[in-house]
Amino acid sequence: MYVCLCNAITDRDLRSHTAGEDCSVATVYRSLGCELQCCKCVPFARRMIRQSTAVIAAQEAGGDD
């Protein structure tokens, strides 16, 4: 599904560039070679980044066995 229509960024594009605790919407867009345009996608993109960060943290915590 498209997250950002201005830059044609999909949820798959966004997830593939969300790694690390210091990840932000701006850094993800820069890594995709884009800039924020109208910013209507920011709340959803931010939520996706938080979810991805939580999943990564849970996987790392589970791998300590």
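- Side-chain contact check for V28 versus D13: every heavy-atom pair is 4.5 Å or farther apart.
- Sequence neighbours left out, not one pair with a member in residues 31-48 passes side chain to side chain donor-acceptor pair (under 3.5 Å).
- Residues satisfying the side chain to side chain donor-acceptor pair (under 3.5 Å) test with T27, not counting sequence neighbours, are S24.
- Note on L5: it does not cluster hydrophobically with M1, by side-chain heavy-atom contacts below 4.5 Å among ILVMFWY residues.
- For the atom pair CD1 (I9) and CG (L36), the distance works out to 8.0 Å, reported to the nearest 0.5 Å.
- Residue I49 comes nearest to C23 through the heavy atom pair CG2-O, 3.9 Å, listed as atom of the first residue, atom of the second, then distance.
- Residue T10 comes nearest to V3 through the heavy atom pair C-CG2, 3.8 Å, listed as atom of the first residue, atom of the second, then distance.
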